[in-house]
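One structure is given below, encoded as structure tokens.
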2 protein chains.
Amino acid sequence: MSRDRLIYLPLGGAGEIGMNAYVYGYGPKGRERLILVDLGVTFPDMDSTPGVDLIMPDITWLEKNKDRLEAVFITHAHEDHIGGIAHMWRKLGAPVVYARVFTAHHARRKMEEQGADPSAVNTVPVYPAVTEAGPFKVSFFPVAHSIPESSGLVIDTPAGRIVHTGDFKLDETPVLGEAFDPKLWAEIAKPGVKALVCDSTNVFSVKAGRSEATVGPEIERLIGESAGMVVATTFASNVARLKTLALAGQRSGRSVVLLGRAMRRMVQAGMETGLLKDFPTVIPVEEAREIPRNNLLLLATGSQGERRAAVAQLSRGKYLGMSMKEGDTLLFSSKTIPGNERGVISIMNAFSEMGVDIVDDDDGLYHVSGHANRPDIERTHEVFKPQMLIPMHGEHRHLRQHAKLGEARGIASLVAVNGMMVDFAGNRPSVVEYIDTGRTYLDGSVKIGAMDGVVRERIRMALHGHVMVNVIIDEDDTPLGEPWVETMGLPRNGTSNAELVEVLEGDLTQVMMRMDDKTLLDDDKIEEQIRRATRMTTQNEVGKKAEVTVVVSRLMGA
Amino acid sequence: MSRDRLIYLPLGGAGEIGMNAYVYGYGPKGRERLILVDLGVTFPDMDSTPGVDLIMPDITWLEKNKDRLEAVFITHAHEDHIGGIAHMWRKLGAPVVYARVFTAHHARRKMEEQGADPSAVNTVPVYPAVTEAGPFKVSFFPVAHSIPESSGLVIDTPAGRIVHTGDFKLDETPVLGEAFDPKLWAEIAKPGVKALVCDSTNVFSVKAGRSEATVGPEIERLIGESAGMVVATTFASNVARLKTLALAGQRSGRSVVLLGRAMRRMVQAGMETGLLKDFPTVIPVEEAREIPRNNLLLLATGSQGERRAAVAQLSRGKYLGMSMKEGDTLLFSSKTIPGNERGVISIMNAFSEMGVDIVDDDDGLYHVSGHANRPDIERTHEVFKPQMLIPMHGEHRHLRQHAKLGEARGIASLVAVNGMMVDFAGNRPSVVEYIDTGRTYLDGSVKIGAMDGVVRERIRMALHGHVMVNVIIDEDDTPLGEPWVETMGLPRNGTSNAELVEVLEGDLTQVMMRMDDKTLLDDDKIEEQIRRATRMTTQNEVGKKAEVTVVVSRLMGA
């Protein structure tokens with residue numbers, strides 16, 4: 001007799017921080033009914049993904065099994081959880097999407113932007129309300145995080161209860177939105193939790209996390225002591241922080257201005273959804289220009305050094321008529337995400353040249369993380385007392401460390417990375433299948449696979465330059481004139497001091513002259529000889545084996 | 001009457017951390033006799049300098065004035081101070097180079113590698129010994145740093161004494177080499193210091209720096225508690241740390257192995273120069289394979305995640321017959337330099353997958369910086385009591401913060417960035433000229449200017465892909481056949497689902513057909529129309545305006 005399986009399959013987010021996508025399934029092997037929790041994106045970088053616009057999980061497996069997909073649940077509106085849904089919704093067979101009010105608000109806008117159907121997004125109330133999706137009964141339970149209405153999911157199945165934490169921290173005074181509620185958690189834990197699938201981001205932070213409420217007084221003191229204009233930046237989606245900042249500005253007698261589209265959009269979303277109350281009056285930037293700068297607080301996008309965001313624009317000069325100068329203060333109420341350091345530092349230096357005072361979170365005063373630290377994770381284990389623990393939302397090192405914590409407590413813990421299908425039905429999590437996973441790139445307007453070689457070609461051109469060689473073969477199968485060479489991304493002159501193009505044309509003319517009749521009949525052979533000679537010459541002349549494209553044009557007899 | 005000037009001109013290192021190069025001059029305006037202190041390099045990155053091998057300061061000004069250059073002084077053997085000298089020595093007119101034993105050892109090797117004359121490098125003793133160079137009397141005084149024999153310079157001139165700190169920290173127990181000696185500093189300060197040119201790297205670290213001696217006990221405890229093999233990585237040039245690590249290994253009964261060429265070279269240099277005494281016996285890696293892994297300590301290169309270094313190699317599997325596995329420990333006895341985070345993290349995750357325990361310096365136990373922190377910088381101001389202060393070795397934000405500290409103490413302080421020529425002869429530092437400066441890239445085997453456009457072309461190809469179009473015009477000035485298109489770094493299919501190359505060839509055939517006779521006579525016009533049409537098509541098809549190279553081949557009448 002084959003028993004039903006309760007499967008967990010991360011397609012993104014397990015073994016990386018970014019592009020979360022977790023599949024749960026229940027039913028007979030291979031016929032499990034499925035739900036998807038989150039479908040996020042990751043941002044590209046020049047090192048590994050130059051020219052790419054967005055990175056999404058490869059959902060081929062889910063596409064193939066879309067007839068089994070009951071619904072998609074989005075835990076919160078951060079891009080690494082929500083960013084992929086509008087791009088991939090059609091491929092998944094246009095499933096119903098469930099989210100809470102604030103998240104649904106953003107999901108619908110994204111669906112509209114991508115020409116998908118916003119009405120597929122359904123707003124759901126919180127626990128104890130239940131949304132049924134095939135064999136699953138799903139409840140959103142509020143957790144504190146760095147965006148409004150972040151939620152964990154209680155996923156009840158015939159094989160037991162799963163708690164999927166989503167991104168969370170334990171914050172009893174979160175400034176905005178629902179506080180951590182130990183009683184609610186105890187109630188969820190009461191019937192017994194089969195599996196806890198839990199955020200691992202801050203597992204290496206060994207002290208308990210601090211509350212959002214602790215940053216307000218520090219920010220207020222800083223703004224109060226600042227003589228000039230103050231510009232503060234943080235993630236636009238951190239609406240609680242925006243509120244903290246704006247209130248601090250207001251109390252210091254400053255008018256508040258929102259700079260940057262995402263900033264205005266998030267505050268507007270907060271107001272429209274009724275979450276953001278008591279937000280100080282915001283004045284348009286046009287009015288701000290008439291106000292003395294020591295009476296201004298600008299909340300600006302670009303805490304990660306994004307080149308087009310408001311802070312980067314200000315670092316280059318005027319932005320919407322505003323500019324910073326000596327005596328002003330720029331507050332980074334944020335942490336720099338690894339990989340963004342260079343951009344952030346370069347902006348800090350540009351402001352330093354203007355005489356602007358930079359305050360960042362080096363001393364830990366003006367920012368707190370939205371994720372549970374190690375002691376908070378351990379408390380979560382303690383509260384839910386799960387039979388098994390699956391760390392998620394982390395690189396391998398985070399998952400592994402998190403699993404160690406579970407093991408130390410006697411919980412059956414498993415490091416499951418993207419593509420590992422785990423069955424929760426037994427007493428321990430067991431890996432039952434390995435699914436091919438990977439990354440899909442949104443490249444301009446086109447989706448390409450990470451392994452298609454397109455980006456690899458770009459990286460090679462960036463490292464080695466590109467030589468194009470043009471050879472014409474006449475009707476008698478003999479070379480017509482000399483090879484024509486163009487280069488891009490290579491030095492003009494080589495070590496011989498001659499022009500590289502001329503050296504190449506000279507060398508390649510020799511190569512062509514030495515080709516025998518048989519070779520001259522074969523475009524592939526011509527190409528190969530030209531390519532090899534080109535690489536050898538660039539190696540000799542400039543110390544690089546360039547990328548080479550050879551075009552052989554053959555004139556046809558009349 | 002024109003008075004003599006005492007000039008300071010940073011060509012690198014002021015407004016950035018890296019490629020230090022500081023010129024001092026004394027004499028009548030425009031005829032000052034010059035010395036150069038340090039000539040370093042900076043390392044490239046994919047974001048701004050893909051394919052570049054090394055970044056050096058643009059020394060055009062110094063080249064033009066090489067007949068006035070008396071000598072080059074190298075403060076210590078870190079690449080950002082010594083790395084450029086062998087590459088640029090000839091251009092500078094083959095000047096005499098002065099350095100202390102350990103630094104000279106490395107400088108000579110580098111000169112040999114570049115085919116320059118190693119005998120140009122002269123070894124000098126320390127203060128109070130004096131080296132004369134034109135109007136300058138220069139003494140090397142020992143400072144503690146993270147490489148042996150790091151030195152500050154006392155530069156006596158007819159206009160007064162300059163103290164150029166070099167890279168330094170205040171460490172009275174540096175494990176290896178000369179300790180901070182307050183009496184010596186007081187002696188140097190005694191005749192009065194006209195200008196202090198001072199390291200700014202750690203000006204944002206508000207607590208006093210810790211001594212190298214404090215990491216030993218922590219490292220020893222960690223290694224003692226480790227059950228499997230221990231691999232420790234740090235900068236190879238941090239010979240004191242290598243000694244600390246090796247002694248800790250020895251005390252735990254482990255055999256010490258050096259992995260990586262730089263590691264072996266530095267230890268050898270330390271021994272050959274007589275600096276490194278009591279270093280535990282090192283065994284060759286071949287012997288290590290026969291020793292139980294819990295009796296092994298490997299000191300490995302690659303603390304910054306460098307792809308070819310020993311640690312990265314181990315993260316990919318076997319290296320020289322050694323490999324890491326579950327239960328082993330990898331210690332990063334180092335700090336990750338901003339910009340290197342991604343590489344380091346990716347290696348940590350690879351080891352995590354093997355089950356290796358990673359220990360880094362998050363808790364500040366296993367590494368101390370080689371630079372003076374803010375209180376130490378302030379103590380330096382206090383000791384030397386200079387008339388003027390010029391912060392160096394820092395980004396703009398560091399220099400600015402450092403100058404503020406000087407001003408607060410009543411010292412005339414100036415932020416002087418690369419290219420600003422400052423005169424110290426008066427009572428305050430005054431900017432007298434602006435010199436064009438910049439960066440020179442070593443690109444493969446060729447030196448190119450940062451503004452030559454070569455690297456810009458590479459970045460563009462990496463972001464937008466490259467399309468090559470080949471057009472043949474026959475003897476009658478009409479197109480022969482259709483344009484031939486090749487692409488590199490672009491998706492195969494566009495949004496129309498057709499092959500991009502075919503869409504392009506179709507569109508460009510239309511463009512060619514519409515060209516009038518006058519255009520067809522003009523290669524530049526043909527190119528321009530083809531380029532524009534190509535960019536429009538790639539924008540429509542793949543959402544990117546590609547880089548385009550057009551080759552027009554014209555058949556000549558017989």
Side-chain angles (χ1 to χ4, degrees), chain A residues 15 45-47 50-51 53 204 206 338-339 341-342 345 348-353 355 358 362-363 395-397 399-400 443-446 448 452 454-455 457-459 461-466 468 470 472 480-481 484 486 488-495 541-544 547 549 551 553 555, chain B residues 15 45-47 50-51 53 204 206 338-339 341-342 345 348-353 355 358 362-363 395-397 399-400 443-446 448 452 454-455 457-459 461-466 468 470 472 480-481 484 486 488-495 541-544 547 549 551 553 555:
Chain A
D45 61 66
M46 188 72 183
D47 289 89
D53 292 275
F204 290 114
V206 294
E341 290 83 0
R342 281 210 192 92
I345 286 174
M348 287 181 172
N349 283 313
F351 283 116
S352 178
E353 288 179 32
I358 313 285
D362 254 13
D363 305 323
E395 299 161 10
H396 194 282
R397 61 197 176 114
L399 306 185
R400 180 163 175 265
D443 190 49
S445 51
V446 179
I448 57 176
D452 288 3
V454 173
V455 170
E457 285 182 352
R458 284 191 212 138
I459 292 174
M461 289 191 291
L463 294 177
H464 312 130
H466 191 188
M468 293 130 286
N470 208 359
I472 303 181
L480 185 68
W484 180 279
E486 301 258 351
M488 193 171 270
L490 283 161
R492 194 181 163 84
N493 299 297
T495 41
E541 281 293 305
V542 298
K544 277 172 183 283
E547 291 303 293
T549 299
V551 176
S553 305
L555 302 184
Chain B
D45 61 68
M46 188 71 183
D47 288 270
D53 292 274
F204 291 113
V206 294
E341 291 82 358
R342 281 211 193 92
I345 287 174
M348 287 181 173
N349 283 313
F351 282 116
S352 178
E353 288 178 31
I358 314 286
D362 254 13
D363 305 323
E395 299 162 10
H396 194 283
R397 61 195 177 113
L399 305 185
R400 181 163 177 266
D443 192 48
S445 51
V446 179
I448 58 177
D452 287 2
V454 173
V455 170
E457 285 181 352
R458 282 189 215 143
I459 291 175
M461 289 192 290
L463 294 176
H464 312 129
H466 192 190
M468 295 130 284
N470 207 358
I472 304 182
L480 184 69
W484 181 279
E486 301 259 351
M488 193 171 271
L490 284 160
R492 193 181 165 85
N493 298 295
T495 43
E541 281 292 306
V542 299
K544 278 172 183 283
E547 291 303 293
T549 298
V551 175
S553 303
L555 301 185

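Chain A is the first sequence line, chain B the second, and so forth, proteins listed ahead of strands; every chain is numbered from 1.
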I'd like to know which of [options] tops the heavy-atom pair count under 4.5 Å against chain B.
{"options": "A/Pro50, A/Ala462, A/Gly543", "result": "A/Ala462"}
{"options": "A/His464, A/Glu457, A/Met46", "result": "A/Met46"}
{"options": "A/Leu480, A/Ile472, A/Asn493, A/Thr549", "result": "A/Thr549"}
{"options": "A/Glu353, A/Met348, A/Glu547", "result": "A/Glu353"}
{"options": "A/Pro491, A/Gly494, A/Gly489", "result": "A/Gly489"}
{"options": "A/Asn470, A/Ile448, A/Thr495", "result": "A/Asn470"}

Verdict with supporting geometry, A/Ile345 and B/Arg397, side chain to side chain contact (heavy atoms under 4.5 Å, CB included): CA-CA 9 Å; A/Ile345 286 174; B/Arg397 61 195 177 113; 3.8 Å; yes
Minimum heavy-atom separation for [X] and [Y], please, with both atom names.
{"X": "A/Asn349", "Y": "B/His396", "result": "OD1-N, 3.2 Å"}
{"X": "B/Asp47", "Y": "A/Arg342", "result": "OD2-NH1, 3.7 Å"}
{"X": "A/Arg458", "Y": "B/Met461", "result": "CG-O, 3.8 Å"}
{"X": "B/Val446", "Y": "A/Glu541", "result": "CG2-O, 3.6 Å"}

Structural part of B/Val542 lying under 4.5 Å from a heavy atom of chain A: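 For B/Val542, the contact with chain A is made by backbone and side chain together.
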For B/Leu399, is it the side chain, the backbone, both or neither that has a heavy atom under 4.5 Å from a heavy atom of chain A?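 Answer is neither: B/Leu399 stays 4.5 Å or more from chain A.
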Among the listed options B/Ser445, B/Gly15, B/Gly465, B/Gly444, the residue most often paired with chain A at heavy-atom distances under 4.5 Å: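 Counting heavy-atom pairs under 4.5 Å, the top option is B/Ser445.
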Heavy-atom pairs under 4.5 Å with chain A - which of B/Gly481, B/Ser352, B/Gly51 has more of them than the others?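 Sorted descending by pairs with chain A, the first entry is B/Ser352.
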Decide side chain to side chain contact (heavy atoms under 4.5 Å, CB included) for A/Met468 and B/Glu486; before the verdict, give the C-alpha distance in whole Å, the side-chain angles of both, and the deciding distance to 0.1 Å. CA-CA 10 Å; A/Met468 293 130 286; B/Glu486 301 259 351; over 6 Å; no
Is there a side chain to side chain contact (heavy atoms under 4.5 Å, CB included) between A/Val206 and B/Asp362 once you walk through the steps? CA-CA 10 Å; A/Val206 294; B/Asp362 254 13; over 6 Å; no
Just do the salt bridge (Lys or Arg N to Asp or Glu O under 4.0 Å) check on B/Arg492 and A/Asp452 with the steps written out, would you? CA-CA 9 Å; B/Arg492 193 181 165 85; A/Asp452 288 3; over 6 Å; no
Main-chain N/O of B/Gly355 paired to A/Arg400 side chain as donor or acceptor, under 3.5 Å: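 Flag set: sc A/Arg400 to bb B/Gly355 pair under 3.5 Å.
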